[in-house]
Amino acid sequence: MRCYVFPGQGTQKKGMGRSLFGRFPDLRRRADRVLGYPIEELCLENPERRLSDTAYAQPAIYVVNALHWSAAQEDLPPADFLAGHSLGEYSALFAAGAFDFETGLTLVRRRAELMSQVSGGAMAAVVGLSEQIVQETLEQHGATDVVIANYNAPEQFVLSGSREELARIKPVFEQVEGVRGFVPVRVSGPFHAPAMAPAADRFRSLLASVEVGELRTPVISNVTGRPFGPDAQEVRDLLADQIARPVRWTDCIRYLRDAGVSAFTELGESKVLTSLIDRITTAMDAAPDPAPDAEAKPARQPAEEPAPDPRRALIERIKREILQPEIGDEALAFDEDASFRQLGLNSIIYVRLARRAGTVLGVPIKPDVIFQHRSCAALADHLLTRDDIAGAAALEASPAPLREYRDERVTALLRDCADGTLTVDRTIEAIRALA
C-alpha cells in the first residue's frame, strides 16, 4: 500500500513551486483571490523575506503542497492513505476531500495569524536521545514549562517552551551521554505546547462554521496517530487541538506501517519527512518480534548495509566540515534542500565557506559557486559534476564495512560519526565510556 505525506512549516524557501505555478494557473489565481496578494511572487521572489514570517510561510507551504498534489494526481498512482506533518495535515485533508482548496487556505491563513500572535517562546530539536531520557532530563532540571512538541523519530524530538528555559537547559542536554545535537528551531513561538491554548480556542470558534466533507482517503491525525473518524466534529476538534498538542509523527508512521503501507512518497519542497520516515521504519525493522511462546516468530534479521551513496556522503561533508565550523550545530539539522539564505549569511561568510570548501575538498572553489547553489543538496549536485571532486566524494562514501563490529552500540556510534551527526571527538569519548 502507498501513502502520500505532506511537509509543514520549516520547508519554505525562495523558489518553491517554480516548476508548478505555470502548470496549474487556476490554482494560483484562486490562491491570489483568497490571500489578497500574489502567491507566486511570494514563493519565487520572497519580497522583504516574508517567507520567514509564520503568517506568510504557512499559506505559501499549503499552496505549494496543493500544486504538488495536483501534479501527483496526474503523474502518480492513487494513495491508500494520506498524512501531513503539523501544517501539512491541512494539505492531506484537502487531498482527501475534507474541504475545498479555498476553504483549506482560509483556515491555514487564519491559523498562521493566530499562531504568529503568540510570542515569548521558542523551540529546539534534541537529536540522539530516547523519549525517556529527554523527559527525565527535563524533570530532573525543573524545566516544567518545556514540553516535547514533536515526536519526529525515535531519537529526534522538538522541545517547546520559553526562550529563557530552553537557553538554560541547552548546556544540560549537551552534556547528556549520547546526545548528537541541541539545535534551535527558527520559529516565532512555542508551537504545539500549552502556551498555544488561547490560539487553539480562537481557532476552534472559526472551525465551528466550516463544513467538513467525508474523507475519500484515510488521513492520519497528528494528535492521535490514528485515522480521523467519519465525524466532522471530531475533525474540527482535532485540528484545533493540534495547535496546542504534540505532533506524534512517529506514532503516525508506525500505524501506517502496521496497516500495510510499504511505500511513502513525500509531496512538497523537501525530503525532511522522507528522512524521518526512514529512521522510524529502520527502527521498527531492527526491533525484535515479541516471543510470548515457543512458536513465536524469530527476530527479524538485520538489513543489508545500503550501497554507498556519493551524493549523500558529500551532502553530509558539506554540513559537518563546511557549514558547521561557520554556523555551529544548526548545520547538522539544517534541511539539505533549504536555502542558505535562511541562515542569514552575509557576503563575508560566503567567502569563508568557499575557502573552507576548497580546503576540505582539496580544489579551488569560488564564493559565487556557494552563493549560486544555495542549499547543501544543490551545492553537492554541482560539485559532483566536477571531475576533480566527484572521485574524492565517491572515495569518502566507501568506508570500511561497519557490520564487522560485534557491539551494536559501537556500530551505531560509528554510523553517526560517518554521517556527520556526531563529531570524531564525541565518538571517541562515547566509545571509551562504553569500554
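The analysis underlying the following values was restricted to heavy atoms, covering all of them including side chains, and did not include hydrogens, waters or symmetry mates.
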Testing the 3.5 Å rule here: is there a donor-acceptor pair between the side chains of Gln132 and Glu136?
yes
Between the CG atom in Asp237 and the CZ atom in Phe228, the distance rounded to the nearest 0.5 Å is 10.5 Å
State, yes or no, whether a side-chain contact exists between Val210 and Thr103 at a heavy-atom distance under 4.5 Å.
yes
Report yes if some heavy atom in the side chain of Asp231 is under 4.5 Å from a heavy atom in the side chain of Val235; otherwise report no.
no
Assert yes or no for the condition that the ring centre distance of Phe94 to Phe99 is strictly below 6.0 Å.
no
Under 3.5 Å: donor-acceptor pair, side chain of Asp32, backbone of Ile39:
yes
Anything under 30° is parallel, anything over 60° is perpendicular, the rest tilted; go ahead and classify Tyr56 against Tyr37.
tilted
What's the separation between atom CZ in Arg352 and atom CD1 in Ile322, rounded to the nearest 0.5 Å?
14.0 Å
Does Arg111 count as lying over the ring of Phe203, i.e. NZ or CZ under 6.0 Å from the six-ring centre, within 45 degrees of the axis?
no
At their closest point, which heavy atom of Ala124 faces which heavy atom of Leu166, and how far apart are they?
N-CD1, 4.3 Å
Show your reasoning for whether side-chain contact (heavy atoms from CB on, under 4.5 Å) applies to Glu89 and Gln242.
CA-CA 10 Å; Glu89 192 167 86; Gln242 189 222 66; 3.2 Å; yes
Do Val219 and Pro227 have side chains that get closer than 4.5 Å, going by heavy atoms?
no
Side-chain (Asp368) to main-chain (Phe371) donor-acceptor, under 3.5 angstrom:
no
Is the side chain of Arg109 donor-acceptor paired with the backbone N or O of Gln58 at a distance under 3.5 Å, no angle test?
no
Val127 backbone acceptor or donor facing Glu155 side chain under 3.5 Å
no
Are Phe6 and Leu87 close enough that some pair of their side-chain heavy atoms sits under 4.5 Å apart?
no
Apply side-chain contact (heavy atoms from CB on, under 4.5 Å) to residues Val5 and Leu267 and explain how you reach the verdict.
CA-CA 6 Å; Val5 297; Leu267 303 180; over 6 Å; no
Ionic contact status for Glu326 with Arg356, cut-off 4.0 Å
yes
Test log, rule side-chain contact (heavy atoms from CB on, under 4.5 Å), inputs Arg204 and Arg236
CA-CA 7 Å; Arg204 197 181 307 275; Arg236 298 187 192 97; over 6 Å; no
So, Tyr90 versus Tyr62, ring centres under 6.0 angstrom or not?
no
Drop me the distance from Asn46's CG to Leu51's CG, to the nearest 0.5 angstrom.
4.0 Å
Let's go through Thr224 and Arg248 carefully: what are the C-alpha distance in whole Å and the side-chain angles of both, what is the deciding distance for side-chain contact (heavy atoms from CB on, under 4.5 Å) to 0.1 Å, and is it a yes or a no?
CA-CA 7 Å; Thr224 65; Arg248 298 189 175 275; over 6 Å; no
With the threshold set at 4.0 Å, does a side-chain nitrogen-carboxylate oxygen contact exist between Arg168 and Glu164?
no
If only atom types and distance count, is the side chain of Asn65 paired as donor or acceptor with the main-chain N or O of Pro7 below 3.5 Å?
yes
Between Ile315 and Ala377, what is the shortest heavy-atom contact and its length?
CD1-CA, 4.0 Å
Shortest non-hydrogen contact from Leu42 toward Pro47
CA-CD, 3.9 Å
Any non-hydrogen side-chain atom of Leu107 less than 4.5 Å from a side-chain atom of Leu207?
yes
Quick one: do Glu174 and Lys170 satisfy salt bridge (charged side-chain N to carboxylate O under 4.0 Å, His left out)? Show the steps, please.
CA-CA 6 Å; Glu174 289 175 337; Lys170 181 177 187 291; 2.5 Å; yes
If the threshold is 4.0 Å, N to carboxylate O, is there a salt bridge linking Arg30 and Asp26?
yes
Do Tyr4 and Phe81 have their ring centres less than 6.0 Å from each other?
no
Is a donor on one side and an acceptor on the other found under 3.5 Å between the side chain of Asn150 and the backbone of Phe157?
no
Taking Thr54 for the side chain and Ser116 for the main chain, is one N or O donor matched with an acceptor at less than 3.5 Å?
no
Is a donor on one side and an acceptor on the other found under 3.5 Å between the side chain of Gln12 and the backbone of Gly10?
yes
Can you give me the closest heavy-atom contact between Met1 and Ala259, atom names plus distance?
CE-O, 2.6 Å
Backbone N/O of Gly229 and side chain of Glu234: donor-acceptor pair under 3.5 Å
yes
Evaluate the side-chain proximity of Val134 to Val176: yes if any heavy-atom separation is below 4.5 Å, no if none is.
no
From CD1 (Ile243) to CG (Leu238), nearest 0.5 Å
12.0 Å
Just wondering, do Leu323 and Leu353 contact through their side chains at under 4.5 Å, heavy atoms?
yes
Does a side-chain N-to-carboxylate-O contact under 4.0 Å join Asp75 and Arg23?
yes
In short, Val63 meets Ala31 closest at the heavy-atom pair CG2-CB, 4.0 Å
Check the side chains of Glu266 and Thr274 for a donor-acceptor pair under 3.5 angstrom, ignoring hydrogens and angles.
yes
Between NE2 on residue His68 and CG on residue Leu20, distance to nearest 0.5 Å:
5.0 Å
Check: Asn222 side chain, Ser86 main-chain N or O, donor-acceptor pair, under 3.5 Å:
yes
Indicate the atoms forming the closest heavy-atom contact of Ser160 with Ala149, along with that distance.
CB-CB, 3.6 Å
So Gln324 and Lys319, do their side chains get closer than 4.5 Å, heavy atoms only?
no
In this structure, CD1 of Ile220 is separated from SG of Cys252 (nearest 0.5 Å) by 6.5 Å
